[in-house]
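Take a look at the structure set out below.
We name chains A, B, ... by the order of the sequence lines, and we start the count at 1 in each one.
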Amino acid sequence: MLTSKCLKGVMTGYPLAINATNIKVTEVDFNPEFITRVIPKLDWEVLWTAANSIGHGEGLPKILEPKYEDNEELLKKVHRVLLEVEIEEGNLTCPESGRQFPISKGIPNMLLTEAEVQ
Amino acid sequence: MDDTESTTTSADENTGNLLDNPTRDTLAEGLLGFLKPTVDQLDDRVRATRISQLELKQQIESLNEELQNVRSALNDHPDLDPYVKKLISCKHKVTVVLNVLQASQDRLNEIRRVVNKEKRVRTAVLPEAAPQEPEQGTSAEDSFLLIDALEKDLEYLKAKNPVFCLEVGSGSGIVITALGMVLPQCFCISTDINRNACVMSKDTASYNKVVLDACNMDLACFFVDKMFDVVIFNPPYVVTESEECRRTDITASWAGGVKGREITDRLLDIIPKKLADDGVFYLLLVQENIPDEVVKIMSGYGYKCDIVIKRKVRNEQQLVLKFYN
């Protein structure tokens with residue numbers, strides 16, 4: 001899920017909308033320091049929207065409060081949605097062009113056709 | 001001999017006529033006395049002739065013997081036969097050896113022809129600096145050089161404490177996995193234009209308990225800007241025809257087009273956009289890629305450059321450059 005927040009469309013299309021048909025949850029060691037450092041690198045509102053779109057937004061505040069680094073419960077929830085929730089099957093849609101990028105076995109296919117590259 | 005006989009006959013006739021006349025005895029005696037020396041002489045001659053005849057006979061016999069020897073020597077020459085046989089068998093052997101040699105020569109020529117053909121095909125596909133087995137064999141060696149470079153720079157990387165690390169064209173995924181293992185506090189992402197490589201990278205990472213997201217994409221085109229603290233690239237660096245480096249199959253893992261740099265140069269152009277301002281970019285090159293030109297391009301974007309590590313692998317000078325602000 002984290003990577004999907006780092007992807008954009010062909011031009012500037014961001015964020016890509018997620019449509020998940022199969023979600024896999026795997027346990028990953030919780031590292032609060034890492035999550036604390038990731039959060040400022042992400043657009044919180046985008047993350048919140050994406051988490052809710054795949055049904056894993058429960059417990060995440062719409063607006064990020066300051067001093068979140070001390071809120072372990074919040075960090076754990078962010079950890080879960082970013083690292084443990086993985087979209088196995090589905091697709092990402094570019095808000096700009098409507099172009100869909102399929103995700104299969106957890107790997108998004110972002111290859112363009114030759115016509116698209118032109 | 002004829003002389004002796006005729007003389008004897010006339011003497012007998014004379015002797016016959018003289019038997020009845022006593023005066024004739026004296027005459028006969030006189031005649032005998034007169035003839036005797038001649039008869040004795042004849043006798044001696046006859047004896048001598050007989051002896052010489054005997055000698056002649058002996059000579060003839062010995063000659064005959066000699067002739068017989070010559071004849072037997074001429075008739076059967078048993079001594080030569082085994083030699084002739086030996087020579088013939090020798091000739092056979094030489095022929096056989098010659099045939100074997102000829103066959104060997106033919107085989108050698110055939111092998112040489114195949115080798116040359118193979119070589120021609122290889123040089124057509126992979127010019128001089130090309131690794132022998134671009135698919136897996138040598139790619140491991142450059143991967144190891146990259147891993148060694150990261151290890152050498154580990155203190156620097158730990159101090160940087162990166163959040164997002166990206167390996168472009170991760171292939172088997174061993175480099176990004178190795179980085180993920182020594183920097184457990186970072187999030188690893190890999191890309192590859194080949195989907196199988198993405199699958200493999202993910203497998204390698206999960207086998208080593210490293211969290212890695214793999215994306216099937218060209219270079220790093222779809223990532224948001226200024227996102228990565230560390231970018232690693234082991235490019236397809238083999239000098240090839242331009243057409244060859246536009247494929248997405250296994251060829252993409254080694255075919256680098258002109259100067260072996262067509263893919264690298266495309267990434268160089270987007271590095272300033274994708275790399276965080278204090279980010280670092282590790283790039284593996286070979287001498288044929290003209291590293292000095294790469295340094296110049298990157299310094300044009302304001303990056304400093306260090307050579308982290310150099311190594312000669314099968315006549316191929318490989319090096320890892322590090323670009324940072």
Side-chain angles (χ1 to χ4, degrees), chain A residues 1-16 24 26-43 46-47 78-80 82-88 91-94 96-97 99 101-114 116-117, chain B residues 160-166 168 170 173 176 180 183-203 205-206 209-229 231 246-249 252 266 270 273-274 276-279:
Chain A
M1 183 45 194
L2 178 49
T3 306
S4 73
K5 296 299 106 220
C6 305
L7 296 171
K8 62 176 188 61
V10 185
M11 299 304 283
T12 50
Y14 182 84
L16 299 173
K24 192 173 81 175
T26 11
E27 203 175 306
V28 176
D29 289 344
F30 175 54
N31 185 333
E33 195 213 330
F34 173 70
I35 298 301
T36 308
R37 283 162 52 225
V38 167
I39 290 174
K41 294 207 166 225
L42 300 172
D43 184 324
V46 167
L47 175 63
V78 176
H79 164 80
R80 182 180 166 81
L82 285 183
L83 299 179
E84 297 188 331
V85 173
E86 193 181 358
I87 300 137
E88 274 281 284
N91 52 61
L92 300 165
T93 309
C94 173
E96 209 173 34
S97 61
R99 167 71 150 91
F101 302 99
I103 300 171
S104 161
K105 290 181 179 157
I107 300 168
N109 179 350
M110 310 296 286
L111 296 176
L112 299 176
T113 63
E114 265 185 54
E116 286 173 312
V117 176
Chain B
K160 189 167 268 303
N161 202 4
V163 174
F164 290 110
C165 296
L166 168 72
V168 177
S170 59
I176 190 72
L183 297 175
Q185 300 248 351
C186 77
F187 188 75
C188 296
I189 298 175
S190 71
T191 67
D192 205 294
I193 201 155
N194 184 298
R195 189 184 151 82
N196 290 334
C198 295
V199 174
M200 213 180 353
S201 294
K202 248 178 122 69
D203 286 350
S206 76
K209 299 185 173 61
V210 169
V211 178
L212 171 76
D213 270 4
C215 297
N216 192 192
M217 72 165 82
D218 179 33
L219 301 176
C221 302
F222 287 90
F223 290 111
V224 296
D225 293 346
K226 302 281 179 192
M227 181 183 150
F228 295 104
D229 303 299
V231 175
R246 308 209 206 296
R247 292 159 61 174
T248 60
D249 58 12
R266 281 207 295 123
I270 62 169
K273 237 162 120 188
K274 305 297 172 183
D277 287 334
D278 60 346

Revision key, fill the gap. Between A:L111 and A:R99 the two heavy atoms that sit nearest each other are O-NH2, 3.1 Å
Point to revise | Part of B:F164 within contact of chain A (heavy atom distance under 4.5 Å) | key: side chain
Study note, to complete from the structure: Closest non-hydrogen contact found for B:P184 with A:N31 is O-ND2, 4.5 Å
Point to revise | A:K41 portion near chain B, given a 4.5 angstrom heavy-atom threshold | key: side chain
Check your understanding: What closest approach, in Å, do A:P108 and A:L92 show between heavy atoms, and which atom pair accounts for it?
Key -> CB-CD1, 4.1 Å
Revision key, fill the gap. Under 4.5 Å to a heavy atom of chain A? For B:V211 that would be side chain
Point to revise | Backbone N/O of B:C215 and side chain of B:D192: donor-acceptor pair under 3.5 Å | key: no
Point to revise | Toward chain A, the part of B:K226 with a non-hydrogen atom under 4.5 Å | key: neither
**Study point:** Contacting moiety of A:T26, where chain B heavy atoms sit under 4.5 Å
**Key:** neither
Review point. Side chain, backbone, both or neither: which part of A:V38 has an atom under 4.5 Å from a heavy atom of chain B?
Key: both
Exercise for review: Of all the heavy-atom pairs spanning A:V28 and A:E84, show the shortest one and how long it is.
Suggested key: N-OE2, 2.8 Å
